[in-house]
Asks: 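Below you'll find the structure I mean.
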Amino acid sequence: MTAPNASTVIRIQPSKGWVSLKLDELWEYRELLYFLTWRDIKVRYKQTALGILWAVIQPVMMMVVFSLFFGKLAGMSSDGRPYAIFSLAGLVPWTFFAYGLAQSSGSLVGSQNLVKKVYFPRLVIPISSVLSGIVDFLIAFAILLAMMPFFHLWPTANVIWLPLLLLLAFVTSLGVGLWLSALNVEYRDVRYMVPFLTQFWMFATPIAYSSSLLDKYPAWKTLYGLNPLVGVVEGFRWALLGTHTRPGPMILVSALSAVLVLVSGAFYFRRMERNFADVV
Amino acid sequence: MSEIVIRVENLGKMFRIGAKRERYRTFRDALAGLWRRSGSERSSGTTPFWALKHVSFEIRRGEVVGVIGRNGAGKSTLLKVLSRITEPTEGFAEIRGRVRSLLEVGTGFHPELTGRENVFLNGAILGMQRAEIEARFDEIVTFAEIEQFLDTPVKHYSSGMYLRLAFAVAAHLEPEILIVDEVLAVGDAEFQKKCLGKMEEVARGGRTVVFVSHNMEAVDRLTSRCLSLSDGRLSQDGKTSDVVGNYLRGAERRVGDLACFRVSAIPRTVALVDLWAETPTGEKAATFRQGEPFRIVLRVTSHERLKCDFAIVIESSQQHALYTTHLSDLSEAITTNGSHLLAAELQNPMLRKGQYLVSVAAFSPDLRLFYDVVHHFPLLEVAGTRDKSFPEDARWGALYVPVRWNVSN
């Protein structure tokens, strides 16, 4: 966004194959990123009747349903913590992830009026979609903190790791979002795939249950670590509720797979970018 | 000579038509495609279409250049390539300096946000910095004349207010090179005048401007040099008055060209298929002497029986309407049934020397439905006459009206 000086030469020519991510240019457009995120947040709360309440209703209602069916009826283990707070601690970061995924995968198609009329690094669009979930997350997180004293639970000192865990959720959400948003431009199947994928992913993440269920199958547990959300959810419980789910070396596998998805997603996105305006 | 700021060489852009119709694919098609590709060449039935081909030109600092051409000639594609919205298929363009392009006004405006919020959002989208927007904020608001509605969501704005605000933000961009599409084609006459004035100001400010338009008057007023595109190729590059003159003369006209002037969003239940001028004795002609009577002939077809009226608007080369005549003025609207030939004879056309356009419309007699509309079709030229009673010189105005002066004390 900073004005390139007069000597800057822009060369417009056909590009082939994989192209650079142009992160420097993305940095120049950080103000646009800010404004688009701000717009998404603002519009989200302006257009809905319940506004900010949605950020609370979703995870809390899920918590109620989970507690009833999995906690009470099925009697699932919850790592020695009350089931309600156990599931909520998982639902809060999960909701951030799932919201980011849903928003970013549809973001390019939803911004076609921009894509067809103005030039800017297209990466700004899915990034701002994922970022806009942060306000919802903070509200839900505050509710979670407010509920903890009722269960006589207090955050541990390990909360200093939460920002990193949140970053991991962000990276995963954005990585998958980049793949899906670029695919969505050409294949509208993505629209139908996202709800299914989210649901599937939720069951592959220890939200309603504890990953200690898998303790008996160590080989499977390593593979499980490929899902970065496992580390995020377990880490949240460990830092807030003091469960024995301190993310071990497995989180490195998680981080690695998240970064891999992000980088590959970004390159795939950049590769498809040249056709966005023509196809969308 | 000042330095070259835009250099375009051998630029080409190809689309695959057919692929355009089924705009997006599904995984199933892609899977089927994989299967097919392994066999023969892709038999997807798409034909390549070059929206731009072999386009080369250079623009120097401070030049104000117009780009004209019929619908589908490649103007918008050229603009999109220069704006980096879409990539060229071949060739390249180089742009030196801070460039901003304006393909429409109000890009990214959100109806739920207030005027104030939209100014910032739209400014950021157009590439302005926050500090820059803040510095010009008052100017923008004054220009848009919306002070008291600044904190109202723009969904409550009238379309006029909305446009004024949108244009105001765009008008306060300060790039070194400005690329503008038909932004002046929207809004009422008052608004267009304001836009045109602002554009003139920008152009006089020594900035490089590339201006695409259908509005020949605006191109003529604003630019000194003009590029004319036809079928994706650069057909003319020269002084605006020459290029616009040639363009209007229909030098690039081909058979069946009427389609290029048609308003595309109309269903054509009654179709205007041909349009020409002829002498009262029925000889087709494109040039007439001043004062010579002529006929404007329309061929229309319809497969439905519809009550239909017709209007012919005679326009100056600057697209100003001079005179409108309706079929129902003197006779009855017709009921269409197959093919019809309609001829309007102008017994005493008071047109001076010059180029004239016509717009023609077929519509229901209650004016509710338009069946087909052709806009600004270059129909004929009026040449000078040897008759001394017609003043030959270029006086102001398009019409020759016999006037009797009377002087008394």
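Quick note: numbers below take in every heavy atom, side chains included, and nothing from hydrogens, waters or symmetry partners.
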Asks: Would you say I10(A) and V99(B) make side-chain contact, with heavy atoms under 4.5 Å?
Replies: yes
Asks: Using non-hydrogen atoms and a 4.5 Å limit, figure out which bit of T77(B) sits close to chain A: side chain, backbone, both or neither.
Replies: neither
Asks: Can you tell me if W54(A) has over 12 outside heavy atoms packed within less than 6.0 Å of its CH2?
Replies: no
Asks: Can you measure from CG (D40(A)) to NE2 (H110(B)) and round to the nearest 0.5 angstrom?
Replies: 8.0 Å
Asks: Treating Q13(A) as the side-chain partner and P88(B) as the backbone partner, does any N or O pair qualify as donor plus acceptor under 3.5 Å?
Replies: no
Asks: State the CE-CG distance between M128(B) and L32(A), to the nearest 0.5 angstrom.
Replies: 13.5 Å
Asks: Does any non-hydrogen side-chain atom of L113(B) lie less than 4.5 Å from one of K42(A)?
Replies: yes
Asks: Locate the shortest heavy-atom distance separating G91(B) from P14(A); write the atom from each residue and the value.
Replies: O-CD, 3.2 Å
Asks: Roughly how far, to the nearest 0.5 Å, is the CG atom of L82(B) from the CD1 atom of I12(A)?
Replies: 5.5 Å
Asks: Regarding K80(B) and D278(A), does a basic nitrogen lie under 4.0 Å from an acidic carboxylate oxygen?
Replies: no
Asks: Kindly give the heavy-atom pair with the smallest separation between L121(B) and F35(A), and that separation in Å.
Replies: CD1-O, 3.8 Å
Asks: Answer whether the closest heavy-atom distance between the side chains of V115(A) and I85(B) falls below 4.5 Å.
Replies: no
Asks: If you round to the nearest 0.5 Å, how far is CZ of R84(B) from CZ of R11(A)?
Replies: 13.5 Å
Asks: So, taking the atom named NZ in K117(A) and the one named CD in E104(B), what distance separates them when rounded to the nearest 0.5 Å?
Replies: 5.0 Å
Asks: What distance do Y119(A) atom OH and R100(B) atom CZ have between them, rounded to the nearest 0.5 Å?
Replies: 11.0 Å
Asks: Using heavy-atom distances under 4.5 Å, tell me whether F276(A) contacts chain B through its side chain, its backbone, both, or neither.
Replies: neither
Asks: Looking only at atom types and distance, does a side-chain atom of E87(B) sit under 3.5 Å from a main-chain N or O of S15(A), one as donor and one as acceptor?
Replies: yes
Asks: Is I125(B) close to L114(A) at the side-chain level, that is, under 4.5 Å between some pair of heavy atoms?
Replies: yes
Asks: In terms of heavy-atom proximity below 4.5 Å to chain A, should T107(B) be classed as side chain, backbone, both, or neither?
Replies: both
